[in-house]
Chemist: 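A single structure is presented below for examination.
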Amino acid sequence: MRSMNELEGHLYLSLATFRKSGVAVETPVWFAESDGKLYVFSAGDAGKIKRLRNSPRARVAACDVRGKLRGDWIDATATITRDSNTIEAAYVSFREKYGLQIRLADLFSKLSGRYDKREMIEISL
């Protein structure tokens, strides 16, 4: 089994989720680790959220901001979590990792009304 060590030091993760047809859709995202799991947040109506509602099958790889891979794909399981304690712990990890960047992103999301429409994705490798 591959480990999270391959993702250490990277700011972006390519998250591949799968359509019903089996075609992968790759998206570069911010990610944070908490209690041995990876977390990604997304707009609640984003395609990746819709695809995860159909299947938890996923894969991840370190990448740059544009999605260019910086590592090998790792098979994963991704689910949408609604547990408030888990979500808060994930946001603490995001704030530790991304600092001012995440605070500004959160501020603008709150001002635009998008913050409360986010979903938190929990990824197990």
Side-chain angles (χ1 to χ4, degrees):
M1 181 172 171
R2 311 274 281 282
S3 73
M4 279 190 246
N5 293 338
E6 295 177 49
L7 304 172
E8 282 184 26
H10 293 277
L11 293 177
Y12 294 92
L13 176 79
S14 184
L15 172 62
T17 53
F18 293 85
R19 293 183 175 144
K20 289 179 184 178
S21 67
V23 173
V25 180
E26 302 164 9
T27 309
V29 292
W30 280 353
F31 71 101
E33 186 272 330
S34 179
D35 293 326
K37 305 232 176 166
L38 298 177
Y39 292 90
V40 168
F41 61 87
S42 180
D45 60 354
K48 65 180 115 4
I49 298 297
K50 293 175 185 176
R51 289 186 292 276
L52 288 173
R53 285 187 180 122
N54 290 320
S55 170
R57 180 178 169 217
R59 63 183 184 171
V60 298
C63 72
D64 66 15
V65 66
R66 293 196 170 114
K68 182 177 179 184
L69 296 185
R70 300 287 188 211
D72 296 327
W73 286 108
I74 303 168
D75 288 329
T77 300
T79 57
I80 300 160
T81 184
R82 296 219 161 55
D83 180 77
S84 60
N85 292 328
T86 300
I87 292 169
E88 182 52 36
Y91 276 123
V92 167
S93 295
F94 274 104
R95 288 190 290 272
E96 289 173 359
K97 182 172 183 176
Y98 294 98
L100 182 60
Q101 284 180 294
I102 189 72
R103 285 175 174 79
L104 289 173
D106 286 349
L107 173 65
F108 288 117
S109 288
K110 286 176 183 177
L111 291 173
S112 67
R114 293 186 318 241
Y115 187 87
D116 291 332
K117 296 176 183 172
R118 285 181 180 171
E119 296 282 1
M120 185 66 71
I121 300 168
E122 182 178 85
I123 302 169
S124 300
L125 303 183

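Just so you know, residue 1 is the first one in the sequence shown, and it goes up from there.
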Chemist: Listing request: all salt bridge (charged side-chain N to carboxylate O under 4.0 Å, His left out) pairs with a residue in residues 105-114, at least two apart in sequence or in separate chains.
Modeler: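 Only Asp106-Arg118 qualify under salt bridge (charged side-chain N to carboxylate O under 4.0 Å, His left out).
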Chemist: Under a 3.5 Å cutoff, is there a donor and acceptor pairing between the side chains of Ser42 and Lys48?
Modeler: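 Per modelled atom types, Ser42 and Lys48 side chains form a pair under 3.5 Å.
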Chemist: Apply side-chain contact (heavy atoms from CB on, under 4.5 Å) to Ser84 and list each qualifying residue two or more places apart in sequence or on a separate chain.
Modeler: none
Chemist: Output yes when a side-chain donor or acceptor of Glu33 lies under 3.5 Å from a complementary backbone atom of Gly36, and no otherwise.
Modeler: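 Judged by distance alone, yes, a pair lies under 3.5 Å.
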Chemist: Is Leu104 linked to Tyr98 within one hydrophobic cluster, defined over Ile, Leu, Val, Met, Phe, Trp and Tyr using a side-chain heavy-atom separation of less than 4.5 Å?
Modeler: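 No, it is not one cluster - the side chains of Leu104 and Tyr98 are not joined through contacts under 4.5 Å.
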Chemist: To the nearest 0.5 angstrom, please state how far the OG1 atom of Thr17 sits from the CD1 atom of Ile49.
Modeler: 9.0 Å
Chemist: Identify, with sequence neighbours excluded, every residue that meets salt bridge (charged side-chain N to carboxylate O under 4.0 Å, His left out) alongside Arg51.
Modeler: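 If we apply the salt bridge (charged side-chain N to carboxylate O under 4.0 Å, His left out) test to Arg51, skipping adjacent residues, there are no hits.
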Chemist: Not counting sequence neighbours, which residues clear salt bridge (charged side-chain N to carboxylate O under 4.0 Å, His left out) with Arg82? List them please.
Modeler: Glu119
Chemist: For Ser14 and Cys63, work out which heavy atoms get closest and say how close.
Modeler: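 Answer, listing the atom of Ser14 first, then Cys63: N-SG, 3.4 Å.
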Chemist: How close do Thr81 and Tyr39 get, heavy atom to heavy atom, and via which atoms?
Modeler: CG2-CE2, 4.5 Å
Chemist: With a 4.5 Å heavy-atom cut-off, do Thr79 and Leu52 have their side chains touching?
Modeler: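 They are not in side-chain contact.
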Chemist: With a 4.5 Å cut-off on side-chain heavy-atom distances among I, L, V, M, F, W and Y, is there a chain of contacts connecting Val65 to Leu38?
Modeler: yes
Chemist: Please report the closest heavy-atom contact between Gly71 and Ala61, naming both atoms and the distance.
Modeler: O-CB, 3.9 Å
Chemist: So do Met120 and Ile80 actually touch side chain to side chain, heavy atoms under 4.5 Å?
Modeler: no
Chemist: If I take atom OG from residue Ser112 and atom NZ from residue Lys117, how far apart are they, to the nearest 0.5 angstrom?
Modeler: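 With rounding to 0.5 Å, OG (Ser112) is 8.5 Å from NZ (Lys117).
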Chemist: Classify the angle between the aromatic ring planes of Trp30 and Phe41 as parallel (below 30°), tilted (30 to 60°) or perpendicular (above 60°).
Modeler: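 Perpendicular.
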Chemist: Work out which heavy atom in Glu6 is nearest to a heavy atom in Ala62; give both atom names and the distance.
Modeler: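 Taking every non-hydrogen atom into account, O-CB, 4.3 Å.
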Chemist: Restricting to ring pair (Phe, Tyr, Trp, His ring centres under 6.0 Å), what partner residues turn up for Phe18, sequence neighbours left out?
Modeler: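 If we apply the ring pair (Phe, Tyr, Trp, His ring centres under 6.0 Å) test to Phe18, skipping adjacent residues, there are no hits.
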Chemist: If the condition is side-chain contact (heavy atoms from CB on, under 4.5 Å), which residues does Arg95 pass it with, not counting sequence neighbours?
Modeler: Glu88, Tyr91, Val92, Ile102, Arg103
Chemist: According to the salt bridge (charged side-chain N to carboxylate O under 4.0 Å, His left out) rule, which pairs have a member within residues 9-18, sequence neighbours left out?
Modeler: none
Chemist: Applying side-chain contact (heavy atoms from CB on, under 4.5 Å), can you list everything that pairs with Lys68, at least two apart in sequence or on another chain?
Modeler: Asp64, Arg70
Chemist: Sequence neighbours excluded, which residues qualify as side-chain contact (heavy atoms from CB on, under 4.5 Å) partners of Lys97?
Modeler: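 Lys97 satisfies side-chain contact (heavy atoms from CB on, under 4.5 Å) with Leu11, Phe31 once adjacent residues are dropped.
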Chemist: Quick one: list whatever passes salt bridge (charged side-chain N to carboxylate O under 4.0 Å, His left out) with Lys37, sequence neighbours left out.
Modeler: Glu122
Chemist: Applying ring pair (Phe, Tyr, Trp, His ring centres under 6.0 Å) as the test, list every pair that has at least one member in residues 42-68; sequence neighbours left out.
Modeler: none
Chemist: Got a sec, which residues hit salt bridge (charged side-chain N to carboxylate O under 4.0 Å, His left out) with Arg19, two or more places apart in sequence or on another chain?
Modeler: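 Testing Arg19 for salt bridge (charged side-chain N to carboxylate O under 4.0 Å, His left out), a comparison that skips the adjacent residues, returns none.
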Chemist: Could you measure the distance from the CG atom of Asp75 to the CZ atom of Arg57? Nearest 0.5 Å is fine.
Modeler: 7.5 Å
Chemist: Indicate yes or no: at least one non-hydrogen side-chain atom of Leu15 is less than 4.5 angstrom from one of Ile123.
Modeler: yes
